[in-house]
Amino acid sequence: MSQQANPRGTFLKIAEVVRAQIDADPKMTELPTAAALMSEFGVSRGVALRVFDVLQEQGIAERVSGGRLRVARRGEVVDRRPLAERLTDVITTDRLTVGAPFPSASKLCERFGVSRPTVAKALDKLEAAGLLSEGKQGKPRTVLSLPKQEEGANP
């Protein structure tokens, strides 16, 4: 059977190339963008998206809210809780007190590897819960109250 330009299975071949790139580079944390795959392999957006689907099904990649697909490494522990919950933990882990400035959205984007709109939504939830002050341009958010610790929860 000829291996000429057969469009069927193209996405599988590209998925294998991407998988090989992941295996060859242990520091690779994000998959290429759909645009990058389209450009590199000369395929449509639909084919690029099917590549991502295959890599997710194989457990090689996982969706991250507000970001690109990230590489899922075996044995890696990933916190999959909603970002608002993880931001609530910042108050405890950074030992912030009532009235203390909360880290900026830029620092939180970098720290959690998510987009600015995703951080903004999570910060709005903390504001609505009464944990943080309102965010205003040029004025940092501050801690209004400390999160309640659940009984039996690990500190």
Side-chain angles (χ1 to χ4, degrees), residues 1-96 100-129 131-132 135 137-138 140-141 143 147 149-150 153-155:
M1 196 161 146
S2 173
Q3 293 295 331
Q4 298 291 325
N6 180 351
R8 292 184 187 265
T10 301
F11 67 99
L12 294 172
K13 293 173 187 168
I14 297 171
E16 285 306 312
V17 171
V18 174
R19 184 180 190 153
Q21 291 171 345
I22 292 167
D23 291 342
D25 184 2
K27 293 182 181 179
M28 186 176 181
T29 58
E30 290 185 335
L31 269 59
T33 63
L37 291 179
M38 292 164 59
S39 174
E40 182 177 349
F41 296 100
V43 294
S44 69
R45 182 168 179 78
V47 170
L49 295 177
R50 288 187 75 183
V51 169
F52 296 148
D53 290 342
V54 167
L55 294 172
Q56 278 186 273
E57 288 170 10
Q58 294 175 348
I60 296 166
E62 61 187 3
R63 289 219 178 271
V64 178
S65 179
R68 296 193 334 221
L69 284 171
R70 68 180 225 87
V71 175
R73 304 263 181 209
R74 288 185 182 95
E76 180 181 42
V77 177
V78 177
D79 190 349
R80 289 186 168 79
R81 294 177 301 150
L83 183 59
E85 286 182 32
R86 293 186 286 156
L87 291 184
T88 301
D89 288 350
V90 168
I91 296 171
T92 306
T93 58
D94 290 7
R95 298 183 180 189
L96 300 177
F102 197 73
S104 69
S106 300
K107 294 212 183 286
L108 294 170
C109 290
E110 185 177 321
R111 183 171 175 173
F112 292 97
V114 296
S115 69
R116 195 171 191 88
T118 301
V119 167
K121 286 179 187 175
L123 287 171
D124 288 345
K125 288 180 181 179
L126 270 60
E127 181 185 326
L131 294 173
L132 298 179
Q137 188 170 355
R141 292 177 187 265
V143 177
Q149 293 292 326
E150 294 179 23
N154 292 333

With sequence neighbours left out, the residues meeting side chain to side chain contact (heavy atoms under 4.5 Å, CB included) with Glu110 are none
Under the side-chain hydrogen bond (donor to acceptor under 3.5 Å, both in side chains) rule, collect the residues that match up with Glu85, sequence neighbours excluded. none
Which residues pass the side chain to side chain contact (heavy atoms under 4.5 Å, CB included) test with Ala36, not counting sequence neighbours? Pro32, Thr33
Exactly one candidate in Asp53, Val51, Ile60, Leu31 meets side-chain contact (heavy atoms from CB on, under 4.5 Å) with Leu69; the answer is Leu31
Which atom names give the shortest non-hydrogen contact between Ala72 and Gly59, and what distance separates them? CB-O, 3.6 Å
Could you tell me whether the side chain of Leu123 reaches within less than 4.5 Å of the side chain of Phe102, counting heavy atoms only? yes
Considering only heavy atoms from C-beta outward, does the side chain of Val18 approach that of Leu37 to under 4.5 Å? yes
Taken in chain and number order and not counting sequence neighbours, the residues that satisfy side chain to side chain contact (heavy atoms under 4.5 Å, CB included) with Arg50 are Phe11
How far does CG of Leu132 sit from NZ of Lys125, to the nearest 0.5 angstrom? 14.0 Å
Partner of Pro147 by side-chain contact (heavy atoms from CB on, under 4.5 Å), out of Leu87, Val90, Thr88: Thr88
Under the side chain to side chain contact (heavy atoms under 4.5 Å, CB included) rule, collect the residues that match up with Glu40, sequence neighbours excluded. Gln21
Could you tell me if the side chain of Arg19 sits less than 4.5 Å from the side chain of Gln58, heavy atoms only? yes
What's the separation between atom CD in Glu62 and atom CZ in Arg70, rounded to the nearest 0.5 Å? 4.5 Å
Considering all heavy atoms, the nearest Ala48-Ala34 contact: CB-O, 3.9 Å
Verify side chain to side chain contact (heavy atoms under 4.5 Å, CB included) between Thr118 and Phe112, making sure each step is shown before the conclusion. CA-CA 10 Å; Thr118 301; Phe112 292 97; over 6 Å; no
Contact between Leu131 and Val143 at the side-chain level, heavy atoms closer than 4.5 Å - yes or no? no
Are the side chains of Pro103 and Leu96 in touch, meaning some heavy atoms are under 4.5 Å apart? yes
Considering non-hydrogen atoms only, spot the tightest contact between Glu127 and Gly135 and give its length. OE1-N, 3.9 Å
To the nearest 0.5 Å, atom CG of Leu49 lies from atom CE of Met38 at 8.5 Å
With sequence neighbours excluded, give me every salt bridge (Lys or Arg N to Asp or Glu O under 4.0 Å) pair touching residues 111-120. Asp94-Arg111
If you look at every heavy atom in Val119 and Cys109, which pair is closest and at what distance? CG2-SG, 3.7 Å
Of the options Ile22, Asp25, Thr29, which is the one that meets Val71 in a side-chain contact (heavy atoms from CB on, under 4.5 Å)? Ile22
